[in-house]
Amino acid sequence: MKSHKQIKDWGLGLTTPLIIAGPCSAETPEQIEQICKEMKEENMVPQLFRAGIWKPRTRPGSFEGIGEEGLKWMEIVRHNLNIPITVEVGNAAHAELALKHNVDVIWVGARTTVNPFAVQEIAEALRGSDVPVMVKNPMNPDLDLWVGALERMHAVGLDKLAAIHRGFSDAYDKRFRNKPNWSMPIHLKRVWKGMEVINDPSHIAGRRDGILEISQRAMNFGLDGLMIETHHNPDKAWSDAKQQVTPKALKEILTAIDFKEPLEAMAPDEKLQDLRRAVDHLDDQLLDILQERFAVIDQIGAHKREHHLTVFQSDRWKDVMESRTKKGVDKHLSEKFMKELLYCIHEESVKRQEKQLREAEALKK
Ligand code: PEP
Ligand code: MN
C-alpha cells in the first residue's frame, strides 16, 4: 500500500489512506497486549489504534465498556506500538477523561451524533483543547445532522476534524448491518470541501467476510481511510464478535485492496485531460438542450394559461415518465437514474409554469 499525501496529519504523522485498527472494546490488559503483539509480529501496525472504553449498547445487560481504567491500557499501547490512540466519547465526562489521559484523537459514535445536546456538551468539554475529533455518521441517513455535529466541534475552535462513514440503520434492507448509502459520504465531501471521510467497513458489513468488499468500494469512491475492528480472538470478543478480524486477517485484507491514486498525487495526465475536455463539451450541449426545452415549456405554460388549464396534467406526466424511462433503459441508463432525472426536470417545469401563472395573475390585479 502506498501512502500518498500528508495533508492533515494533525501533528501525528498521519497519511492517507489512514488505517485505524484495534478492538471494538478494550476488555483486559492482556487482550490489548496480545493484539499489539500480533500486530507487531504481522508487521501490521496501524497508523492509529482504536478501542471502545465506553460502549453504547443497543440493549442493556451486555458489556458496557471497561471505563477509565482502559485509558491507562491505551496509554501503554501508544508507548508499545509508538502510534497515536483514539477512543469514543459519548458525553462531557468521557471527553474530560479522554483529555486527562492525553488521548490523541477522539471520536464521536453514531448513537451520539444523532443527539445535538450530547454533541454540544462534548464540544464544550473539548473547548480550548486542540484535540482532533472524528465524527461518525448518525444512525439515520441525515446529512445535516452529520454536518451539524462537525459544525458544533468547529464552532468551539476545534479544526482538526474528520468524518467516519459507518453506514445507516435500515429496518428493511438486511444485507448490511448498516446500509452504506455511498452518496452520503460523497455528498459530505462536496458540501465541506477538504473534509476527510474514513470508512468503517466493520460496522457496515457486520460480518468479517464482508469487510474486503466494502473497503474496496470505499477506496474506489475516494474515501480517505479505513477503520477496521481488530482482535486477537474475534470469536471471543466481548462486543461485535462477528465482525472483528485478527491482525493477520487485517493484513490480508489490506494487501488485497487495490488502493487508488488520488489525482493530486499524479503527474499531469494528458489522456484524462482530453476526456475531461470532452465531458465539458458534452455538458455545454446538455445545458443548451435544457435551455431550449425550458423555452418550449414556457410556451406550453402560456398556452395553458390562455386556455385556463391546470399546470400539472397527470396523464401526460405518466406518459412522459414511462416512455422516456424505457428509452433510457434501452440506452443502458439505469431505471432509477432515469426516474430521478425525469422527476427533477418535470418538477422544475411545473414550478416554472406555476410561477408564470402567478405572475400573470398579479399583473391582472
Ligand atoms: C464502535 O466503533 O465500536 C461503535 C460503537 O461504532 P458506531 O458508533 O459506529 O456504532
Ligand atoms: Mn464495534
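These numbers come from the heavy atoms of this one structure, side chains and all, not from hydrogens, waters or symmetry mates.
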*asked:* Are more than 12 heavy atoms, taken from residues, nucleotides or ligands other than Glu42, located less than 6.0 Å from that residue's CD atom?
replied: yes
*Exercise: identify the closest heavy-atom pair between Ile35 and His232*: CG1-N, 3.5 Å
*asked:* I'd like to know if the side chain of Asn80 pairs up with that of Lys37 as donor and acceptor (distance under 3.5 Å, no hydrogens or angles considered).
replied: no
*May I ask you to check whether Glu75 and His101 show a side-chain donor-acceptor distance below 3.5 Å?*
yes
*asked:* Under a 3.5 Å threshold, yes or no: a donor from one side chain and an acceptor from the other, between His203 and Asp200?
replied: yes
*May I have the step-by-step check of side chain to side chain contact (heavy atoms under 4.5 Å, CB included) for Met44 and Leu254, ending in yes or no?*
CA-CA 9 Å; Met44 190 47 261; Leu254 294 179; 3.4 Å; yes
*Does Ile186 share a hydrophobic cluster with Phe168, counting links as ILVMFWY side-chain heavy atoms below 4.5 Å and allowing steps through other members?*
yes
*Does a donor on one side chain sit under 3.5 Å from an acceptor on the other, for Arg207 and Gln243?*
no
*asked:* Distance alone, cut at 3.5 Å: any donor-acceptor contact between the side chains of Asn199 and His165?
replied: yes
*Please report the C-alpha distance between His231 and Glu27 in whole Å, then the side-chain angles of each, then the deciding distance to 0.1 Å, and finally whether the side chain to side chain donor-acceptor pair (under 3.5 Å) criterion is met.*
CA-CA 10 Å; His231 192 289; Glu27 299 163 5; 3.2 Å; yes
_Restricting to non-hydrogen atoms, name the atom on Pro132 and the atom on Asp104 that form the minimum distance, rounded to 0.1 Å._
CD-O, 3.0 Å
*Can you tell me if Arg111 uses its side chain to pair, donor with acceptor, with the backbone of Met139 under 3.5 Å?*
no
*asked:* Whether the side chain of Thr113 engages the backbone of Lys136 through a donor-acceptor N/O pair (distance < 3.5 Å, no angle test) should be reported.
replied: yes
_Applying a strict under-4.5 Å side-chain criterion to I, L, V, M, F, W and Y, I'd like to know whether Leu342 and Phe294 cluster together._
yes
*asked:* Quick check: do Trp54 and Asn91 have side-chain heavy atoms less than 4.5 Å from each other?
replied: no
_Run Lys251 and Lys248 through side chain to side chain contact (heavy atoms under 4.5 Å, CB included) and show every step you take._
CA-CA 5 Å; Lys251 189 177 182 176; Lys248 182 166 185 283; 5.8 Å; no
*asked:* Between Asp235 and Arg208, is the salt bridge (charged side-chain N to carboxylate O under 4.0 Å, His left out) condition met? List the steps.
replied: CA-CA 11 Å; Asp235 286 333; Arg208 57 184 76 99; 3.2 Å; yes
*Between Asn137 (side chain) and Gly167 (backbone), is there a donor-acceptor pair under 3.5 Å?*
yes
*May I ask you to check whether Gln34 and Glu30 show a side-chain donor-acceptor distance below 3.5 Å?*
no
*asked:* Against Ile228, only a single residue in Ile214, Ile19, Val245, Ile20 fulfils side-chain contact (heavy atoms from CB on, under 4.5 Å); can you say which?
replied: Val245
*Around atom CD of Glu213, are there more than 12 heavy atoms of other residues, nucleotides or ligands at under 6.0 Å?*
no
*Indicate the ring-plane relationship of Trp317 and Tyr343, choosing parallel, tilted or perpendicular according to the 30° and 60° boundaries.*
tilted
_Counting neighbours of CD on Glu354 that are heavy atoms of other residues, nucleotides or ligands and sit closer than 6.0 Å, is the number greater than 12?_
yes
*Near Lys174 NZ, under 6.0 Å, is it more than 12 heavy atoms from other residues, nucleotides or ligands?*
yes
*Is there a donor-acceptor pair under 3.5 Å between the side chain of Arg50 and the backbone N or O of Cys24?*
yes
*Compare all side-chain heavy atoms of Asp224 with those of Lys189 and state whether any distance is below 4.5 angstrom.*
yes
*asked:* Is it the case that the side chain of Glu64 and the backbone of Lys55 share a donor-acceptor pair, with hydrogens and angles ignored and the cut-off at 3.5 Å?
replied: no
*Given the rule in the salt bridge (charged side-chain N to carboxylate O under 4.0 Å, His left out) test, do Asp9 and Lys160 qualify, once you have shown the distances and angles that lead to the verdict?*
CA-CA 9 Å; Asp9 80 340; Lys160 297 173 177 167; over 6 Å; no
*Taking it one step at a time, do Val135 and Trp107 satisfy side chain to side chain contact (heavy atoms under 4.5 Å, CB included)?*
CA-CA 6 Å; Val135 178; Trp107 96 76; over 6 Å; no
*Return the minimal non-hydrogen interatomic distance between Arg166 and Ala110, and the atom names on each side.*
NE-CB, 3.3 Å
*Is the count of non-hydrogen atoms from other residues, nucleotides or ligands lying under 6.0 Å from Asn43 atom CG greater than 12?*
no
*What is the minimum heavy-atom distance between Val103 and Leu71, and which atoms define it?*
CG2-CD2, 3.8 Å
*State, without any angle test, whether Gln244 and Glu229 hold a side-chain donor-acceptor pair at a distance under 3.5 Å.*
no
*asked:* With a 4.5 Å cut-off on side-chain heavy atoms, are Asn102 and Arg78 touching?
replied: yes
_Between Leu290 and Ile345, is there a side-chain heavy-atom distance shorter than 4.5 Å?_
yes
*Are there more than 12 heavy atoms of other residues, nucleotides or ligands under 6.0 Å from atom CD of Glu41?*
yes
_Is there a continuous path of hydrophobic side-chain contacts, each under 4.5 Å between heavy atoms, that joins Val119 to Val191?_
yes
_So does Ile66 get a backbone contact from the side chain of Glu69, meaning a donor-acceptor N/O pair under 3.5 Å?_
no
*Are Glu322 and Thr325 close enough that a side-chain donor and a side-chain acceptor fall under 3.5 Å?*
no
*asked:* Working note: Asp274 + Arg277, criterion salt bridge (charged side-chain N to carboxylate O under 4.0 Å, His left out); need CA distance, chi angles, decisive distance, verdict.
replied: CA-CA 5 Å; Asp274 278 353; Arg277 268 192 290 273; 2.8 Å; yes
*For side chain to side chain contact (heavy atoms under 4.5 Å, CB included), just list the numbers for Lys318 and Asp315, CA-CA rounded to whole Å, side-chain angles, deciding distance to a tenth of an Å, and then say yes or no.*
CA-CA 5 Å; Lys318 190 165 171 282; Asp315 287 350; 5.7 Å; no
_For a quick test of reading the model, state the closest non-hydrogen atom pair linking Arg127 to Val156 and the distance between them._
NH2-CG1, 3.7 Å
*Heavy-atom side-chain proximity of Met195 to Leu161 below 4.5 angstrom*: yes
*Would you check if Met39 and Phe49 make a side-chain contact, meaning some heavy-atom pair closer than 4.5 Å?*
yes
*Treat each ILVMFWY residue as a node, draw an edge where side-chain heavy atoms are under 4.5 Å apart, and state whether Met134 and Val114 are in one component.*
no
*With ring centroids as reference points, do His332 and Phe337 lie under 6.0 angstrom apart?*
no
*Taking it one step at a time, do Lys326 and Asp330 satisfy salt bridge (charged side-chain N to carboxylate O under 4.0 Å, His left out)?*
CA-CA 6 Å; Lys326 184 172 179 321; Asp330 288 346; 3.1 Å; yes
*May I ask you to check whether Asp288 and Gln285 show a side-chain donor-acceptor distance below 3.5 Å?*
no
_For residues Ile164 and Leu145: do they belong to one hydrophobic cluster (side chain heavy atoms under 4.5 Å, members Ile, Leu, Val, Met, Phe, Trp, Tyr)?_
no
*Quick check: does any side chain N or O of Gln47 sit under 3.5 Å from a backbone N or O of Pro17, one acting as donor and the other as acceptor?*
yes
*asked:* So, applying salt bridge (Lys or Arg N to Asp or Glu O under 4.0 Å) with Asp298, which one of Lys355, Arg352, Lys304, Arg305 is it?
replied: Arg352
*Are any side-chain N or O atoms of Thr16 and backbone N or O atoms of Leu18, one a donor and one an acceptor, separated by less than 3.5 Å?*
no
*With a 3.5 Å cut-off and no angle check, do the side chains of Asp269 and Gln273 form a donor-acceptor pair?*
no
*Contact summary for Ile257 and Gln216, nearest pair of heavy atoms*: CA-OE1, 3.4 Å
